[in-house]
Amino acid sequence: MQVVTGDAPGDSLQAVFNLIDEPWLPVRRQSGAVELIQPWRINARVGDDPFVSFAWPRPDFNGAAHELLLGLLTTAAAPTDEDEWEDWWMDPPSPERLERRFSAVAHAFDLDGPGPRFLQDLDPLEGADDKEVASLLIDAPGALTVRNNADLFVKRGVAPVLSRAAAAMALYTLNSYAPAGGAGHRTSLRGGGPLTTLVIASHPTHGDTLWGRLWPNVESREQIEARATGAVLEDDPDAIFPWLVPTRASNRKAGGRPTPPADVHPLHVYWAMPRRVRLLFQPAKGRRCGLTATEDSIVALAYRTRNYGTDYSGGFEHPLTPYYRQKASSVLKLPVHPSPGGISYRSWPGLVVRSKDGLREPAPVIRHWVRSRAGSAGDSRFAAFGYDMDNMKARSWVEAEMPLWSFDGDIQEQLGEFVRRIVAAADTAARLVIGAVKSATHDRVGDAKGDYGFIAERFYRDTEEAFHAAVTRAISLFRVNPEADDPAIDARRRWAPVVERAALRLFDEYAPSDGLEDRDMHRHVKARFYLTLALRGHGKAGRSLFDGDLGIRAPKAGRARSGEREAA
């Protein structure tokens, strides 16, 4: 069908750009070759040169691309139950089979044209001010930043035009992770800058593939129905894709209202649209995409926007995000957001296993994998990513991938308890070394201004490899002595000297003794002495570290621990 895709008078006729039919997703093969494909081609040549990752030039686009494809697979190709899920895992569907499934929803994926547009307001928003298209990017400088000439790191005008592919990805990324955007400009269904966690599994035949980054996270129909909180379960596209119907505006003065989970289909969480946006297209006339440098006959030059879009409230639970409760008596679960320190093994309690206090729990997709699917795959790991936001300001994009050990029954429970204990011990040791550095460098600890969190981050990085070794050893002990009262006690004992050595190294680095005068040297020696005592289980802090965190007895003074003797 030929339609006018541009928004300016005199624009030439062009075919509608449909995100199911067009080859627009950049993906990288195992050989390193990068191709643009339709979404249904993700398994093309899976047997000899499979696709292994997305290849956008921005990490947030790569993260959001996973979520978009997961939304497509779950919406159009969800398995009926776990048996059908395993069938598709062991024998990945051909591109032709996926094309047939995806074609059923293709009408909802026109990016331009006269009808409903992907993730855009059904209303053309005429009369709204035009904004430069680069403002769709979450890290783009805001109007005040530009006005104050304060765009030091992310410059204005970084992308004067976007190809239709980049514009589609920018739209999905914005709506998935939308931060606060001023009065009435709503955050995403998971709040501003949510944390996303995914299971990544190696296929038993094909190894690491893009399919292994997607299918392990796809919900079955049973899971989708279990998430339903209202009467909306019939697969009505209008209840799943919000851009097919007039926007559920949230301006209460004009009769708007919030949107709770009961008002939408469970699949709506993959296609939430809190922002009211309408892209403006024009012929490229030689202009290349400012992000990908690719040529496109039609480009997005600007967009219109209006506030008071959909206000998601009332306790949505997204399958890919971990949640927490503020207190044990609280019913409402809140989405976890990335923190400035990034993601490391200290995040395991709450991302992979339930936290010690029971207030933080992994995303539903992680819990379901451990409980029901891990046995069908070989090695698996988890990815965690998202924007670290300071209200409306993107401070950084954080991401990490780590091993995901999962077992049946009692071993899984024991492993969770072991991880909680050694992470708690690492947290205590990190706090102790920060306090000691402050004591060594200042007469009064209260005079130590500024953020010393970087020392803790160094501590976690320095002990990351040892953490994975400790978990591996604990797993071996669980298998060898499953009936023992405390199979992993030896692994916890070995963890104590690991955190001690790491903490003392960091103390010596950040509170060096070279060149100190007598008075300062006395303060320094005292701080290191008490730090060492605590790390060896003495005093109130030491008892908390050994008895409380690790659940082991502190060694008697003057006796070396077994782990220390072996490390010597």
Side-chain angles (χ1 to χ4, degrees), residues 39-40 42-43 63-93 97-98 101-102 104-105 108 172 175-176 188-190 194-201 203 209-237 239-242 261-262 264-272 312 315-323 333 335-336 351-352 361-377 380 382-385 404 406:
W40 43 267
I42 52 178
N43 284 329
H66 284 85
E67 299 198 41
L68 189 151
L69 263 294
L70 285 172
L72 260 179
L73 285 165
T74 307
T75 302
T80 302
D81 51 28
E82 291 307 304
D83 288 339
E84 188 175 344
W85 177 90
E86 186 169 0
D87 289 343
W88 275 37
W89 170 245
M90 299 304 294
D91 185 16
R97 192 173 185 183
L98 282 181
R101 294 292 188 100
F102 288 2
V105 297
Y172 190 84
N175 280 283
S176 297
S188 82
L189 178 140
R190 297 172 281 174
L195 183 70
T196 295
T197 55
L198 301 176
V199 175
I200 302 171
H203 191 273
T209 66
L210 188 56
W211 187 245
R213 302 180 71 91
L214 297 172
W215 193 245
N217 305 282
V218 172
E219 294 182 288
S220 67
R221 298 297 303 180
E222 291 176 344
Q223 289 175 271
I224 296 167
E225 291 173 6
R227 275 201 297 111
T229 58
V232 185
L233 255 180
E234 183 180 352
D235 286 349
D236 177 5
I240 297 172
F241 304 113
V264 296
H265 193 283
L267 290 170
H268 188 103
V269 297
Y270 296 104
W271 309 110
Y312 296 100
F316 279 91
E317 186 169 3
H318 196 289
L320 305 179
T321 290
Y323 284 79
K333 294 180 179 180
V336 172
L351 295 189
V352 179
E361 60 182 26
V365 68
I366 300 289
R367 301 200 305 268
H368 188 74
W369 174 261
V370 170
R371 183 174 60 248
S372 304
R373 293 179 174 174
S376 300
S380 62
F382 76 96
F385 54 82
L404 179 59
S406 51

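Values below: all heavy atoms of this structure, side chains included; hydrogens, waters and symmetry mates excluded.
- The two atoms that bring Leu351 and Pro322 nearest to each other are CD2-CG, 3.5 Å, heavy atoms only.
- Taking the charged nitrogens against the carboxylate oxygens, Glu361 and Arg367 do have a contact shorter than 4.0 Å, which makes a salt bridge.
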Inset, instruction - Report the C-alpha separation of Trp215 and Ile42 in whole Å, then their side-chain angles, then the decisive distance to 0.1 Å, and conclude whether the side-chain contact (heavy atoms from CB on, under 4.5 Å) test is met. - result: CA-CA 11 Å; Trp215 193 245; Ile42 52 178; over 6 Å; no
Inset, instruction - Step by step, work out the side-chain contact (heavy atoms from CB on, under 4.5 Å) result for Asp235 and Arg221. - result: CA-CA 11 Å; Asp235 286 349; Arg221 298 297 303 180; 3.2 Å; yes
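- Side-chain atoms of His203 come within 3.5 Å of backbone N or O of Trp89 as a donor-acceptor pair.
- A heavy-atom distance below 4.5 Å is found between the side chains of His368 and Ser372.
- Once rounded to the nearest 0.5 Å, the distance linking CG of Leu267 with CD1 of Ile224 reads 4.5 Å.
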Inset, instruction - Test Val218 against Trp88 for side-chain contact (heavy atoms from CB on, under 4.5 Å), laying out the working first. - result: CA-CA 11 Å; Val218 172; Trp88 275 37; over 6 Å; no
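- Contact detail for Ala64 and Tyr172: the closest heavy-atom pair is O-CE2, 3.4 Å.
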Inset, instruction - With ring pair (Phe, Tyr, Trp, His ring centres under 6.0 Å) as the test, would you mind laying out the steps for Tyr312 and His318 before giving the verdict? - result: CA-CA 12 Å; Tyr312 296 100; His318 196 289; over 10 Å; no
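- Judged by distance alone, the side chain of Thr197 and the main-chain N or O of Leu320 form a donor-acceptor pair under 3.5 Å.
- Residue Leu98 holds its CG atom at 6.5 Å from CG of Leu73, rounded to the nearest 0.5 Å.
- For residues 72-92, the set of pairs meeting the salt bridge (charged side-chain N to carboxylate O under 4.0 Å, His left out) definition, not counting sequence neighbours, comprises Glu82-Arg373.
- Considering all non-hydrogen atoms of both residues, Tyr323 and Pro335 come closest at CD2-N, 3.4 Å.
- Applying the side-chain hydrogen bond (donor to acceptor under 3.5 Å, both in side chains) rule to Thr75 yields the partners Trp271; only residues at least two apart in sequence or on another chain are considered.
- Side-chain atoms of Ser380 and Pro216, non-hydrogen and from C-beta on, never get closer than 4.5 Å to each other.
- Proximity of a side-chain donor or acceptor of Thr321 to a complementary backbone N or O of Leu195 within less than 3.5 Å is detected.
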Legend entry - Evaluation steps, side-chain contact (heavy atoms from CB on, under 4.5 Å), between Leu210 and Leu69: CA-CA 10 Å; Leu210 188 56; Leu69 263 294; over 6 Å; no
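- In this structure, the side chains of Pro79 and Glu222 stay at 4.5 Å or more apart for every pair of heavy atoms.
- Taking CD of Glu67 as the start and OG1 of Thr196 as the end, the distance is 3.5 Å to the nearest 0.5 Å.
- Nearest heavy atoms, Pro92 versus Asn43: CB-ND2, 3.7 Å.
- Between Ala363 and Pro319 the shortest heavy-atom distance is CB-O, 3.6 Å.
- Residues Leu189 and Val269 are in side-chain contact: their nearest non-hydrogen atoms beyond the backbone lie under 4.5 Å apart.
- Summarising the geometry, atom CG belonging to Asn217 is positioned 7.0 Å from atom CD1 belonging to Ile366; distances are rounded to the nearest 0.5 Å.
- The residue from His265, Glu219, Glu317 that alone fulfils the side chain to side chain donor-acceptor pair (under 3.5 Å) condition with Arg227 is Glu219.
- Among the candidates Phe102, Trp40, Tyr270, the single residue satisfying the side chain to side chain contact (heavy atoms under 4.5 Å, CB included) test with Leu72 is Phe102.
- The shortest distance between side-chain heavy atoms of Leu404 and Val352 falls below 4.5 Å.
- With rounding to the nearest 0.5 Å, the separation of NZ in Lys333 from CZ in Phe316 is 15.0 Å.
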